[in-house]
Amino acid sequence: MEILKKISQARKDRWEECGKAEDVVFVGSGLMAELLLKRPGFAGPAAHVLAAFFDKPLQSPCFEVFEQDKLQNLIPRLDVRTAILCVPHRQAAQTADLLERCGITRILNWSGADLMPRPHLAILNEEPPAEEEAKA
C-alpha cells in the first residue's frame, strides 16, 4: 500500500530531523477537529501525526485523512501506540474503547469528557489547543 511507504518515509525523515517526536494518530469528529486538521503542527513538536481519521470525507493540506471505518485496519499496520482524540464528549468513551482494541495504549483526550485510565490504557484529559496556539 502506497500510504504505508509514505508513512515509513515520513517516520525516517522525522527521526533524522529531531529524533524525539512520537508518532501518533489523530481521531476526530466535529468542527474543532476539522479546524485542527487544517493546521500544521497543531499537536506540538513532541507529536508527529502519521494519519488522521475523521467521521466524514475530509481533505487536509497537512495530513493524510481517512474515514473512521478504516481505523481498525490501519492503526495496527501503522504500529502506533498513541492517539489524539478530539470527538464530541458523547462519542469519547466508545471511541477510546475502539482505539484500545486497535492497540493504542496512550490517548491524549481533547473530547471534553473525563475518561478514566485503564490497566493497559493511559489517558491524559486536556483541553484542545486554543485557536491562537493551533496557528503557531
Side-chain angles (χ1 to χ4, degrees):
M1 180 181 223
E2 186 63 30
I3 185 62
L4 294 178
K5 287 181 186 175
K6 288 180 184 178
I7 289 169
S8 292
Q9 185 60 46
R11 278 184 170 157
K12 181 177 182 271
D13 294 346
R14 188 63 151 176
W15 178 255
E16 290 170 356
E17 182 181 313
C18 67
K20 296 191 184 204
E22 181 172 1
D23 290 335
V24 303
V25 292
F26 180 84
V27 180
S29 176
L31 183 58
M32 172 62 83
E34 190 170 342
L35 290 172
L36 288 172
L37 280 176
K38 295 179 180 181
R39 306 257 185 238
F42 76 87
H48 178 236
V49 179
L50 289 179
F53 298 90
F54 206 74
D55 64 340
K56 64 182 182 182
L58 182 72
Q59 295 293 317
S60 170
C62 313
F63 310 102
E64 189 80 32
V65 182
F66 300 94
E67 290 190 43
Q68 285 184 7
D69 63 352
K70 305 241 186 274
L71 172 149
Q72 288 179 298
N73 180 34
L74 287 177
I75 286 179
R77 294 172 71 186
L78 293 172
D79 193 30
V80 63
R81 299 288 176 247
T82 303
I84 298 172
L85 181 63
C86 187
V87 298
H89 68 279
R90 294 176 307 282
Q91 299 172 4
Q94 179 182 3
T95 307
D97 291 342
L98 176 60
L99 290 169
E100 184 177 20
R101 288 192 303 273
C102 292
I104 295 295
T105 58
R106 293 178 300 278
I107 293 177
L108 176 57
N109 177 26
W110 288 346
S111 72
D114 259 348
L115 299 178
M116 297 302 295
R118 303 166 192 172
H120 301 288
L121 182 62
I123 298 175
L124 178 60
N125 296 303
E126 284 191 349
E127 291 295 316
E131 190 170 332
E132 295 78 35
E133 293 174 31
K135 289 179 183 178

message = Do Glu22 and His48 have side chains that approach each other closer than 4.5 Å (heavy atoms only, starting at C-beta)?
response = no
request  = Would you confirm whether Asn125, through its side chain, and Leu115, through its main-chain N or O, come within 3.5 Å as a donor-acceptor pair?
outcome  = yes
query = Is there a donor-acceptor pair closer than 3.5 Å between any side-chain N or O of Asp97 and the backbone N or O of Arg101?
reply = no
note = Nearest heavy-atom contact between Ala92 and Ala113 is CB-CB, 4.0 Å
ask   = Does the ring center of Phe26 lie less than 6.0 Å from the ring center of Phe42?
value = yes
request  = Check whether any side-chain heavy atom of Trp110 lies under 4.5 Å from a side-chain heavy atom of Leu36, and answer yes or no.
outcome  = yes
task = Rounded to the nearest 0.5 Å, what's the gap from CD on Glu64 to CG on Leu74? Could you check?
result = 9.5 Å
message = Any non-hydrogen side-chain atom of Leu37 less than 4.5 Å from a side-chain atom of Phe54?
response = yes
query = Does the side chain of Val27 come within less than 4.5 Å of Ile84's, by heavy atoms?
reply = no
key: Spacing of CD belonging to Glu127 relative to CE belonging to Met32, to within rounding of 0.5 Å   = 8.5 Å
query = About how many Å separate CZ of Arg39 and OG of Ser60, when rounded to the nearest 0.5 Å?
reply = 11.0 Å
ask   = Minimum heavy-atom separation for Leu99 to Ala83, with atom names?
value = CD1-CB, 4.0 Å
task = Carefully, step by step, assess Asn73 and Leu71 under the rule side chain to side chain contact (heavy atoms under 4.5 Å, CB included).
result = CA-CA 5 Å; Asn73 180 34; Leu71 172 149; over 6 Å; no
ask   = Taking only residues two or more places apart in sequence, or in another chain, which ones meet Arg81 in a salt bridge (charged side-chain N to carboxylate O under 4.0 Å, His left out)?
value = Asp79
remark   = Nearest heavy-atom approach of His89 to Gly112 is CB-C, 4.3 Å
request  = Answer yes or no: is there a side-chain heavy-atom contact under 4.5 Å between Leu58 and Glu34?
outcome  = yes
ask   = Side-chain contact, heavy-atom cut-off 4.5 Å: Ile107 with Leu124?
value = no
remark   = Between Thr82 and the options Leu50, Val24, Asp23, the side chain to side chain contact (heavy atoms under 4.5 Å, CB included) test singles out Val24
message = Do Leu108 and Glu126 have side chains that approach each other closer than 4.5 Å (heavy atoms only, starting at C-beta)?
response = yes
task = Can you see which heavy atom on Leu121 is nearest to which on Ala96, and at what distance?
result = CD2-O, 4.2 Å
request  = Kindly compute the distance separating CZ (Phe53) from CG (Leu85), expressed to the nearest 0.5 Å.
outcome  = 13.0 Å
query = Taking only residues two or more places apart in sequence, or in another chain, which ones meet Ser29 in a side-chain contact (heavy atoms from CB on, under 4.5 Å)?
reply = Asp55, Gln68, Val87, Pro88, Gln91
query = Between Glu67 and Lys56, does a salt bridge (charged side-chain N to carboxylate O under 4.0 Å, His left out) hold up when you go through it step by step?
reply = CA-CA 6 Å; Glu67 290 190 43; Lys56 64 182 182 182; over 6 Å; no
ask   = Would a 4.5 Å heavy-atom cut-off, applied to side chains only, mark Ile104 and Val25 as touching?
value = yes
